[in-house]
Protein chains: 2
Amino acid sequence: MATIKDIAQEAGVSLATVSRVINNGPKVGDATRKRVKQIMLEMGYRPNANARALVTQRSASFGIVLPELSDPFFATMAHGIESVTRKIDVQILMSTGSIEKATELKAIETLLEHRCNAMVVHSKALDDATLINFAKTIPGFVLINRYIEEIGNRCVWLDNIAGGQTMARHMLNQGHTKFVIVSSKYQIDDPVDRIAGIKQELAENGITLSPDMIEYSTPDQEGGEIAMQNFLAKGTEFTAVLAYNDAMASGAMTMLQDHNIDVPNEVSVIGYDDVLLAKYCRPKLTTLRYPIEMMAVKATELALQYAAGTVPEADCTFKYAPTIVKRESVGKAIS
Amino acid sequence: MATIKDIAQEAGVSLATVSRVINNGPKVGDATRKRVKQIMLEMGYRPNANARALVTQRSASFGIVLPELSDPFFATMAHGIESVTRKIDVQILMSTGSIEKATELKAIETLLEHRCNAMVVHSKALDDATLINFAKTIPGFVLINRYIEEIGNRCVWLDNIAGGQTMARHMLNQGHTKFVIVSSKYQIDDPVDRIAGIKQELAENGITLSPDMIEYSTPDQEGGEIAMQNFLAKGTEFTAVLAYNDAMASGAMTMLQDHNIDVPNEVSVIGYDDVLLAKYCRPKLTTLRYPIEMMAVKATELALQYAAGTVPEADCTFKYAPTIVKRESVGKAIS
DNA sequence: TTGTATGCGTTATCAG
DNA sequence: CTGATAACGCATACAA
């Protein structure tokens, strides 16, 4: 592959001059510039991004770490990030860490080896201290979907407690009093906070939730089915189902329908996330909108700014609140 | 950030020695190796991937170009790729080209600038000649979802003609004779081939499809709704709907249901792709399974092999055929 | 306006 | 077993 040297030779100029025309440097004669450009084209010259990164001490690629791509939620997140990097002609270096301490750590370190100076990371398994440490040493380090007080200005996150409250309130408004929760078995912040929010809202309305009104399962459709199956098997009485996410909500609905229980006339179901399937399933799912794409965009812009030297204000953070999307799966409580 | 030099100095050895322990080189004293490793740890040393790539002339990252990530289909594809690169500790450099000539070209070139020597690219807009040229100059260049005869051994693709035939045959087997097609308005290979397959199969059974039995729209749920609306508005008679993909099929079903037309008792609908939503929508969608994840894995392995020097056999290609997944949206024709 | 020289962090080829 | 030293491709401070 042709190098800067080759084309310098061919054009009969020095390396420096070629370098200047590549970077649109200021001090180059018009004729020279034109001739060099022509030769670059002819020889199919492509700047070597690695050499460039080495000498400039900055990579042209933006790092992202996320658990996986097959989940539409993360795909949407990646899409948000990509929508801003695309505009500024920056490539994405993707590292996956499957919600395990070791892999998440490795994912970040790989990005560091590539000298990415801006990155948005989704980490659930690593502890606060580790993340704080990264934030201290990497200017363009931004966390998404996580809040750590000490580095609040590096966090773009969703208020899951408020989310839980909103879910519960909506059901309460419809007259429901008998609740069950279909939750995730993975004890990361998210399910914990959402349940806390729900309990809080219910408590304010004089309702307490006993532990056996919560089923924990895998956060996918099958998990939702299993959880609902368990409630049904136990003979639990309820009219309102609060799910950890849309997939679980959908699974729960399927299981209800399989038992000839009508949604929403007999039982109401509410999801969380508002991913595509919420619109596709029948009845269409009432759910909470998780503005992940918007948040991803924000996180990316933030990372870019910080990496460029903007000093973040100390006392700020980027908190988002989920909003309710009313569709068809929630109805008035039967009295 | 600490460099190899720093740690050499600290350890009182030469650069070469440090480099050897980093790469698990053979000729290093046990004591020295241990000491150096210790110091690397203490100083938080991270090898510079760019410098490495520069000197070794090979990048440690695997390139992928695809239109976008928000589409579950491509997310699944990316997931397949990631599942193999993860094992060998290779990062993914992602470039998006939104089905436009210019952007697709740019996406590939960016990968080249990073000196990726293995990549799988999804390109629909670039012409054969350009792609053939890339294949000739990049050993690890593999195309996915496209077949070009001259570089057949670099292509991992789906036989869409066979797919069209399969769809049609399945409907014929159920006794259907009145068909409509809900197709994509983007005239790339895929919809064209599928329609060709359908027509071919129908023709063999003495059925010809007039042009007004095909509606073209955007390949998403809304497009499916619009297309179906058009058929309904025109008063078209049919009992079988063949959709370009699951999203369109789902949209078509919704529109039918809104008009109190029962699926599958009055009208049967078949999709294509078998993405997540096929399982979620009601009735569950009968569709064609597009083994995109498997294909992505294959493409990745291929790219890796070719990049490593394996010379592909001249006369081979990697063709996949979609298989039918029977669920609930197709029934016997009413007679 | 152009050229020369140096260094970025590594690997690899030599000698010791 | 270990140490100099020359690349790798490019940007840039300094000369001319």
Side-chain angles (χ1 to χ4, degrees), chain A residues 1-40 43-61 91 109-117, chain B residues 1-40 43-61 89-91 109-117:
Chain A
M1 181 146 295
T3 76
I4 208 174
K5 206 168 169 182
D6 299 326
I7 91 117
Q9 203 155 30
E10 189 71 19
V13 296
S14 74
L15 302 184
T17 304
V18 178
S19 177
R20 287 186 189 105
V21 344
I22 290 174
N23 300 294
N24 284 316
K27 303 168 179 178
V28 178
D30 244 21
T32 316
R33 185 186 302 271
K34 201 173 170 187
R35 188 158 43 90
V36 170
K37 277 198 171 173
Q38 175 60 27
I39 295 191
M40 291 197 332
M43 303 188 66
Y45 171 74
R46 278 183 237 289
N48 183 320
N50 299 120
R52 211 176 228 174
L54 182 59
V55 63
T56 61
Q57 303 281 45
R58 53 158 74 253
S59 161
S61 39
Q91 251 34 51
E109 295 203 307
T110 309
L111 259 27
L112 255 24
E113 290 183 4
H114 283 266
R115 298 302 184 267
C116 285
N117 31 28
Chain B
M1 180 143 299
T3 76
I4 211 175
K5 207 167 171 183
D6 299 325
I7 91 118
Q9 202 155 28
E10 188 72 17
V13 296
S14 75
L15 302 183
T17 303
V18 178
S19 177
R20 286 188 189 103
V21 346
I22 290 174
N23 300 293
N24 286 315
K27 302 167 181 179
V28 179
D30 244 20
T32 317
R33 185 185 302 271
K34 201 173 169 189
R35 188 158 45 88
V36 171
K37 277 197 171 172
Q38 175 59 26
I39 295 189
M40 290 195 336
M43 303 188 66
Y45 171 74
R46 277 183 236 289
N48 183 322
N50 297 120
R52 210 176 235 177
L54 181 59
V55 63
T56 61
Q57 302 282 42
R58 53 163 67 253
S59 162
S61 37
D89 212 49
V90 156
Q91 251 34 54
E109 295 203 307
T110 309
L111 259 27
L112 255 26
E113 290 184 5
H114 283 265
R115 299 300 186 265
C116 285
N117 31 29

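As a basis for the values below, the full set of heavy atoms in this structure was taken, side chains included, without hydrogen atoms, waters or symmetry mates. By convention in this document, chain letters (A, B, ...) are assigned in the order of the sequence lines, proteins followed by strands, and residues within each chain are numbered from 1.
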Validation: residues 43-55 of chain A side-chain donor-acceptor distances under 3.5 Å, sequence neighbours left out:
residue : atom : partner  : partner atom : Å
A:Arg46 : NH1  : B:Glu109 : OE2          : 2.7
A:Asn48 : OD1  : A:Asn50  : N            : 2.8
A:Asn48 : OD1  : A:Ala51  : N            : 3.0
A:Arg52 : NH2  : A:Asn23  : OD1          : 3.4

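- Legend: residues meeting side-chain contact (heavy atoms from CB on, under 4.5 Å) with B:Ala11, ordered by chain and number and at least two apart, are B:Val13, B:Arg35, B:Val36, B:Ile39.
- Remark: A:Thr56 engages A:Arg58 in a side-chain contact (heavy atoms from CB on, under 4.5 Å) (not counting sequence neighbours).
- B:Ser61 approaches B:Cys116 most closely through the heavy-atom pair O-SG, 3.4 Å.
- Not counting sequence neighbours, A:Asp30 has no partner by the salt bridge (charged side-chain N to carboxylate O under 4.0 Å, His left out) test.
- Atom CG in B:Asn48 sits roughly 18 Å away from atom P in C:dG7 (whole-Å rounding).
- Each end of the helix from C:dT1-D:dA16 to C:dG16-D:dC1 gets its own axis, taken as the rotation carrying the C1' atoms of four end pairs onto the next four within a five-pair window, and the two axes meet at 40° to the nearest 10 degrees.
- Residues passing the side-chain contact (heavy atoms from CB on, under 4.5 Å) test with A:Lys5 are A:Thr3, A:Leu15, sequence neighbours excluded.
- Looking at residues two or more places apart in sequence or on another chain, you find a side chain to side chain donor-acceptor pair (under 3.5 Å) between B:Gln38 and B:Glu42.
- Residue pairs meeting the salt bridge (charged side-chain N to carboxylate O under 4.0 Å, His left out) criterion with at least one member in residues 11-24 of chain A: none, sequence neighbours excluded.
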Within the sub-3.5 Å range, which N or O atoms of nucleotides 11-13 of chain C have a protein N or O partner, and how far apart are they?
residue : atom : partner : partner atom : Å
C:dT11  : OP1  : B:Asn23 : OD1          : 3.3
C:dT11  : OP1  : B:Asn23 : ND2          : 3.3
C:dT11  : OP1  : B:Arg52 : NE           : 2.8
C:dT11  : OP1  : B:Arg52 : NH2          : 3.3
C:dT11  : OP2  : B:Ser19 : OG           : 2.9
C:dT11  : OP2  : B:Asn23 : ND2          : 3.4

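- Considering only residues two or more places apart in sequence or on other chains, B:Thr110 meets the side chain to side chain donor-acceptor pair (under 3.5 Å) condition with none of them.
- Rounded to whole Å, atom P of C:dT10 lies 10 Å from atom CE of B:Met40.
- Mapping B:Gln57 and B:Thr32 onto DNA chain D via the closest heavy atom, the residue that lands nearer the 5' end is B:Thr32.
- Counting 5' to 3', DNA chain D first comes under 4.0 angstrom of a heavy atom of chain B and last does so at the ends given by D:dC1 to D:dG9.
- Among the heavy atoms of the strands lying under 4.0 Å from B:Arg46 are primed sugar atoms or P, OP1, OP2 only; no base atom is included.
- Taking the side chain as every heavy atom from C-beta outward, B:Met1 and A:Arg115 approach each other to under 4.5 Å.
- Rounded to an integer number of Å, the gap from B:Gln9 CD to C:dG9 P is 13 Å.
- Residues satisfying the side-chain contact (heavy atoms from CB on, under 4.5 Å) test with B:Asn24, not counting sequence neighbours, are B:Arg33, B:Lys37.
- For C:dT2, neither phosphate oxygen OP1 nor OP2 lies less than 4.0 angstrom from any side-chain nitrogen or oxygen of A:Thr17.
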